[in-house]
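Everything below concerns the one structure shown next.
All chains are named by letter (A, B, ...) in the order of the sequence lines, taking the proteins before the strands, and each is independently numbered beginning at 1.
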2 protein chains.
Amino acid sequence: MDAKVKFNKFLINKGLRQTKQRDEIVNVFLRLERHLSTQELFDIVRKKDKDVGYATVARTLKLLAESGLCRVVDFGDGVQRFEHKYGHEHHDHLICSKCGKFVEIYSKKLEKLQEELVRKHGYTQEYHKLDIFGICPRCGKGKQVV
Amino acid sequence: MDAKVKFNKFLINKGLRQTKQRDEIVNVFLRLERHLSTQELFDIVRKKDKDVGYATVARTLKLLAESGLCRVVDFGDGVQRFEHKYGHEHHDHLICSKCGKFVEIYSKKLEKLQEELVRKHGYTQEYHKLDIFGICPRCGKGKQVV
DNA sequence: GACTTGATGATAACGAATATCAATATCAAA
DNA sequence: TTTGATATTGATATTCGTTATCATCAAGTC
Ligand SMILES: [Mn+2]
Ligand SMILES: [Mn+2]
Ligand SMILES: [Zn+2]
Ligand SMILES: [Zn+2]
């Protein structure tokens, strides 16, 4: 199902209304395959339409997360970012602590091991987040000898 | 090396001073094997000594982290917590999203797999955090049939 | 003991997330 | 199409944990 259709179904299902602002915000978000903060998305949307408020962007992102279209990414810098989720494979992040550049990582084996651990403790897994911090190849250049 | 000794060596090494307040705060922290927020530690220290300020507790916790005695734990609820690190094995967390109860988990295999992934991308690992959220046995009781 | 300068405590500033509220838009029903 | 109940909106206030400020105080050196 198309992401936009899924969102509109979510709205109807919740008794929420389809508005010009939500439409614009969702369209812009879906077009960008990036990790966006509320402020960043607000700035982008604002370029097209001066009549969209920050609060509405924040509220719409929350709805997008609820609807399963995006998920919150939190690298611990005090800013929530949002990334596409619907139609995207689960992944974790490997982040450079120098420049912030990150890559998305995935390992079937890793995921399986995690599930085992969870079961072993009698928990039922809902979701997880693995953030690995390190130095990227570019930032590590010429640092071989410490 | 004793944790307290390590901390004092850290202070000297940094040209920092050993004070009555730092002593008290570190003593209390080291005695408690828990995940503590600044506010929580402040409240506990305050019971013994009314003359310790919140800012000093916050600053001392930062020093404790710098010195390697503790590390920051962030479950994404907007509050930094601190846990013992020195003399403690690395571990990750499995957290109940209903009641907040958590267990500390560790898997050698999991850690190895992560290292492999990091290497594969040319990064140099510094640290990582894996938080798994789910429902604990107690909260999941009677919920087998959905 | 005096001096240099780091440390302290009270509180202000900060910043992102969230709440508030009067005005407005949606949309189902008439 | 018009109406009316109410969800939505934008501007802004509030919240709350973290961090900065600064006058006063104390640790450590001589
Ligand atoms: Mn991602
Ligand atoms: Mn722990
Ligand atoms: Zn880098
Ligand atoms: Zn629980």
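The 5' end of DNA chain D is approached more closely, in terms of each residue's nearest nucleotide, by Thr38(B) than by the other of Thr38(B) and Lys20(B). Mapping Gly15(B) and Thr56(B) onto DNA chain C by nearest heavy atom places Gly15(B) closer to the 5' end of the strand. Position along DNA chain D of the nearest nucleotide to Leu16(B) versus Ala55(B) favours Ala55(B) as the more 5'-ward residue.
Contacts of Arg81(A) with the nucleic acid, taken as non-hydrogen atoms under 4.0 Å apart, are absent. Looking at heavy-atom distances under 4.0 Å, Gln80(B) makes contact with sugar-phosphate atoms alone, never a base. Contacts of Lys62(B) with the nucleic acid, taken as non-hydrogen atoms under 4.0 Å apart, involve only primed sugar atoms and P, OP1 or OP2.
Side-chain nitrogen and oxygen atoms of Thr19(A) include none within less than 4.0 Å of the OP1 or OP2 phosphate oxygen of dA7(D). Listed pair Arg22(A) / dT9(D) meets the phosphate criterion, a side-chain N or O lying under 4.0 Å from OP1 or OP2. Regarding contacts with the backbone of dC27(C), every side-chain N or O of Gln18(A) stays at 4.0 angstrom or more from both OP1 and OP2. In terms of phosphate contacts, Gln21(B) brings a side-chain nitrogen or oxygen within less than 4.0 Å of OP1 or OP2 of dG9(C).
We find that CD1 of Ile12(B) is positioned 9 Å from P of dT29(D), with the value rounded to whole Å. Computed from coordinates, the Asp23(B) CG to dA26(D) P distance equals 16 Å when rounded to whole Å. One can place CG of Asp49(B) at 18 Å from P of dA7(C), the figure rounded to the nearest angstrom. The CZ-P distance, from Arg59(B) to dA10(C), rounds to 11 Å in whole Å. Taking atom CD of Glu24(B) as the reference point, atom P of dT8(C) lies 11 Å away to the nearest angstrom. Separating the CG atom of Leu41(B) from the C1' atom of dG17(D) is a distance of 15 Å, rounded to the nearest angstrom. For Asp51(B) and dA7(C), the CG to C1' distance is 14 Å, given to the nearest whole Å. Per the geometry, CG belonging to Asp77(A) stands 20 Å off P belonging to dC14(C), to the nearest Å.
Side-chain proximity of Tyr54(A) to dG10(D), dT21(D), dT18(C): nearest is dT18(C). For Val52(A), counting side-chain heavy atoms from C-beta on, the closest listed nucleotide (dT18(C), dA10(C), dG10(D)) is dG10(D).
For an aromatic pair to be called close, the ring centres must be under 6.0 Å apart, and His128(B) with His90(B) satisfies this. In this structure, the ring of Phe102(B) has its center less than 6.0 angstrom from the ring center of Phe75(B).
A salt bridge is defined here as a Lys NZ or Arg NE, NH1 or NH2 lying under 4.0 Å from an Asp or Glu carboxylate O, and Asp23(B) with Lys4(B) meets this definition. Ion pairing of Asp51(B) with Lys20(B) is absent here, as no side-chain N (NZ or NE/NH1/NH2) approaches a carboxylate O to less than 4.0 Å.
Residues Tyr123(A) and Lys101(B) come closest through the heavy atom pair OH-O, 3.3 Å.
Ring pair Phe29(B)/His84(B) is tilted by interplanar angle, where 30° to 60° counts as tilted.
If you check distances only, the side chain of Arg17(B) does reach the base of dG6(C) with a donor-acceptor pair under 3.5 Å.
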